[in-house]
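These notes concern the structure reproduced below.
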Amino acid sequence: MSVTVRFAPSPTGYLHIGGARTALFNWLYARHMGGKFLLRIEDTDRERSSQSAVDAIFESLKWLELDWDVPPVFQFARASRHAEVARQLVNNGLAYYCYSSIEEVEQMRATALAHGRPPRYDGYWRDRKDPPPSGVSPVIRFKAPQSGKTVITDLVQGTVELDNAQLDDMVLLRADGTPTYMLSVVVDDHDMGITHVIRGDDHLTNMFRQYHLFKACGWSVPEFAHIPLIHGPDGAKLSKRHGALGAEQYKDAGFLPESMRNYLLRLGWAHGNDEIISTQQAIEWFDIRDVGRSPARFDMQKLLNLNGHYIRQAENERLFDLIRPWLKSGEHADRVLAGMTGLKQRAQTLRELADGALFYIERPDPGAILSGPNSKKITDPAAVSYLKQMLELLQNLTNFDEAEIELAIRNFCKEQQIKLNDLLNPARVALTGSHISPSLFDVVNVLGREECLVRINACLLQARAL
RNA sequence: GUCUCCUUCGUCUAGCGGUCAGGACAUCGCCCUCUCACGGCGGUAACAUGGGUUCAAGUCCCGUAGGAGACGCCA
């Protein structure tokens, strides 16, 4: 059987991390089954939908490299088709006009709640033959079954059942003639040939209502797979407080798309003890049936760890291109590329990578070093002496390459009975402005002799001025 | 309030009646080492709870507790 799935966000904000995972699971399932992955923008709420949100969603999906197979469907554009289906249902006696006002319905809900019943519309106009009140534009409500039981086998949740008495007569068409979400989803899923509906389990109860609507229309019902929501570290629904940032913000924070995919994939899904899973492998292994039923908490530490791993794996040129916009000046950018192998070992995000690379571009300010925590490393008499020795050593080097630099420095330390640390640490601060850096042999080599001499001399000058 | 779902180390999870309950992140210790990382080795750490079923239960059944989600003319 050929599979068609869809990701159907409403463009009322950025694509958050839960939505990204829903999209990923849909995409993986489609690719695994050799089916189609479609995109539908659910923009029927005209008040809250915006073009910028639509753009943000597209951008995020592109960044995550989740490609869709045909041009996206915009739900609002199909409103007349939806309305037509609603009227057809009225004609067939499966839906009805309801003239209750919003206030009246609210009253019904309040009353129901007060009596310990679920807040529901009470079906007042369902079978009423009264003449409709004048001047009231009605909504169309669906005639939900009132007795019996609905049993559905969800691909993730298993067999779920609901007493039909729990169902109420949902609104299909609003008083202003626009369709509601419940109607639009069902009509569009049918018209788009969706075979599997994979979405967050906040829609689980909607499944029952939509099921009956599919039946009433005489359409086949798709398979459902309701995946658990992602929760914040405190176990509550993920919110902005927790780091429920938009996918775009993870990009800005310096995460790689493959890290996000790998992390999101492992939330609720596992393949034995495998942790690092390539997208190719994920496509091969992924089955929606293997998704777990319990909600997962978002863990930034694990995401960071994974991102660090993928940064180390990434090609130097690619990393260089990615951090280039964050490097303050274009000058000496070539040094960053040359030093990338050393730099990428110690970064968990591209931001950290860029920050750690800055010293290759900008000369450290000796004044700033002096007022910082590393000042003693270049002002102690011993340190000054080591800096001078380093200066001389670098001046006298015949071949200025990494192997030669390392050999010369190690030999020098051995001959002079100096600890490598003692010689290298002052130089590290002088050359990079920090006590943390890539291998100093690497740094010296990438900076080149002239630049090293300039930086060390600048520090010596400062120390002498004190 | 009603309905639905969930519950294995702090976190993500493996487990599909018989395991010393495994891995990863985090954490702690050791090693490697020019700093910081990376890497390697090792440690601490979990079956929510009460009943069943069974020779045998993390695994099956029922209850309890805790957690989450849903109950719109939002999606």
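Each chain gets a letter, A, B and so on, in the order the sequences are listed, and its residues count up from 1.
Residue A:S137 is classed as having no contact, given no heavy-atom separation below 4.0 Å to the nucleic acid. Residue A:E161 is in sugar-phosphate contact alone, with no base atom involved, counting any heavy-atom pair closer than 4.0 Å across all strands shown. Within the nucleic acid shown, A:I102 comes within 4.0 Å of at least one base atom, counting heavy atoms only. Contacts of A:F441 with the nucleic acid, taken as non-hydrogen atoms under 4.0 Å apart, include base atoms. Using a 4.0 Å heavy-atom distance criterion, A:P119 is classed as a base contact. Residue contacts shown for A:L204 are limited to sugar-phosphate atoms, with no base heavy atom under 4.0 Å away. Heavy atoms of A:D274 sit nowhere under 4.0 angstrom from any nucleic acid atom. Within the nucleic acid shown, A:L229 comes within 4.0 Å of sugar-phosphate atoms alone, with no base atom in reach, counting heavy atoms only. A:V139 comes within contact range of at least one nucleobase, with a heavy-atom separation under 4.0 Å. Counting non-hydrogen atoms under 4.0 angstrom, A:Q157 reaches the backbone sugars and phosphates but no base.
Proximity of A:R209 to the phosphate of B:A70: no side-chain N or O atom is located under 4.0 Å from OP1 or OP2. Between A:R266 and B:C12, a side-chain N or O to OP1/OP2 separation shorter than 4.0 Å is absent. Phosphate contact (OP1/OP2 of B:A26, side-chain N/O of A:N305, threshold under 4.0 Å): present.
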Per-nucleotide protein contact string for nucleotides 40-49 of chain B (B base, S sugar-phosphate only, - none; heavy atom under 4.0 Å): ----------

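Comment: A:D422 does not engage A:K419 in a salt bridge, judged by the lack of any side-chain N to carboxylate O separation of less than 4.0 angstrom.
With sequence neighbours left out, A:F142 forms a ring-ring contact (aromatic ring centres under 6.0 Å, His included) with no residue at all. Residues satisfying the side-chain contact (heavy atoms from CB on, under 4.5 Å) test with A:Q313, not counting sequence neighbours, are A:H309. Applying the side-chain hydrogen bond (donor to acceptor under 3.5 Å, both in side chains) criterion to A:R351, with sequence neighbours excluded, gives no partner residue. Contacts of A:H190 classified as ring-ring contact (aromatic ring centres under 6.0 Å, His included), with partners at least two apart in sequence or in another chain: A:W219. By the salt bridge (charged side-chain N to carboxylate O under 4.0 Å, His left out) test, A:R410 is found to be paired with A:E406, residues two or more places apart in sequence or in another chain being considered.
Taking every heavy atom of both residues into account, A:D442 and A:G339 meet most closely at OD2-O, 4.3 Å. Taking both residues in full, the closest heavy atoms of A:P118 and A:A112 are given as O-CB, 3.4 Å, listed atom of the first, atom of the second, then distance.
Here the nucleotide nearest the side chain of A:D202, chosen from B:C71, B:A70, B:C25, is B:A70. With distances taken from any side-chain atom of A:A175 to the nucleotides B:A75, B:C73, B:C12, the minimum falls on B:C73. Among the nucleotides B:U13, B:C25, B:U4, the one closest to any side-chain atom of A:L162 is B:U4. In this structure, of B:A24, B:A75, B:C34, it is B:A24 that holds the atom nearest to the side chain of A:K302. Nearest nucleotide to the A:R48 side chain, out of B:A75, B:C25, B:G23: B:A75. Closest to the side chain of A:A296, from the set B:A14, B:A75, B:C12, is B:C12.
For the pair A:D442 CG and B:C36 P, the interatomic distance rounds to 17 Å; values are reported in whole Å. Summarising the geometry, the separation between CE on A:M300 and P on B:A24 is reported as 23 Å, rounded to the nearest angstrom. The CD-C1' distance, from A:Q166 to B:G1, rounds to 11 Å in whole Å.
Contacts with RNA chain B (heavy atom under 4.0 Å) in residues 107-118 of chain A: A:R109, A:L113, A:G116, A:P118, listed by number. Taking a 4.0 Å limit (strictly below) on heavy-atom distances, residues 336-366 of chain A reaches RNA chain B at A:Q345, A:R346. Of all the residues in residues 140-155 of chain A, A:R141 reach under 4.0 Å from RNA chain B with at least one non-hydrogen atom. Residues of residues 413-438 of chain A having a heavy atom closer than 4.0 Å to RNA chain B, listed by number: A:L420, A:N421, A:L424, A:N425, A:R428, A:H435, A:I436, A:S437, A:P438.
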List, one per line, each side-chain donor-acceptor pair under 3.5 Å for residues 150-169 of chain A, sequence neighbours excluded.
residue, atom, partner, partner atom, Å
A:T150, OG1, A:N164, OD1, 2.4
A:T150, OG1, A:H212, NE2, 2.7
A:D154, OD1, A:V156, N, 2.8
A:D154, OD1, A:Q157, N, 2.8
A:D154, OD1, A:H226, N, 3.1
A:D154, OD2, A:H226, N, 3.2
A:D154, OD2, A:H226, ND1, 2.7
A:Q157, NE2, A:H226, O, 2.8
A:E161, OE2, A:K149, NZ, 2.9
A:N164, OD1, A:T150, N, 3.4
A:N164, ND2, A:S147, O, 2.8
A:D168, OD1, A:R209, NH2, 2.5
A:D169, OD1, A:R126, NH1, 2.9
A:D169, OD1, A:A144, N, 3.0
A:D169, OD2, A:Y96, OH, 2.7
A:D169, OD2, A:R126, NH1, 3.2

Could you give the side-chain donor-acceptor pairs of residues 383-393 of chain A under 3.5 Å, partners two or more places apart or in another chain?
residue, atom, partner, partner atom, Å
A:S385, OG, A:Q389, NE2, 3.1
A:Q389, NE2, A:S385, O, 3.4

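A donor-acceptor pair shorter than 3.5 Å cannot be found between the side chains of A:S49 and A:D43. Judged purely by distance below 3.5 Å, without hydrogens or angles, the side chains of A:N305 and A:Q301 never pair a donor atom with an acceptor atom.
Across all strands shown, B:G1 is found opposite B:C71 as a Watson-Crick or G-U wobble partner, with both distances under 3.5 Å.
Comparing A:R297 and A:R410 by the nucleotide of RNA chain B that holds the closest heavy atom to each, the one mapping nearer the 5' end is A:R297.
Ring geometry for A:Y29 against A:F286 counts as perpendicular: the plane angle is over 60°, on a 0 to 90° scale with 30° as the lower cut.
The backbone N or O of A:L397 lies less than 3.5 Å from a partner atom in the side chain of A:R449, making a donor-acceptor pair.
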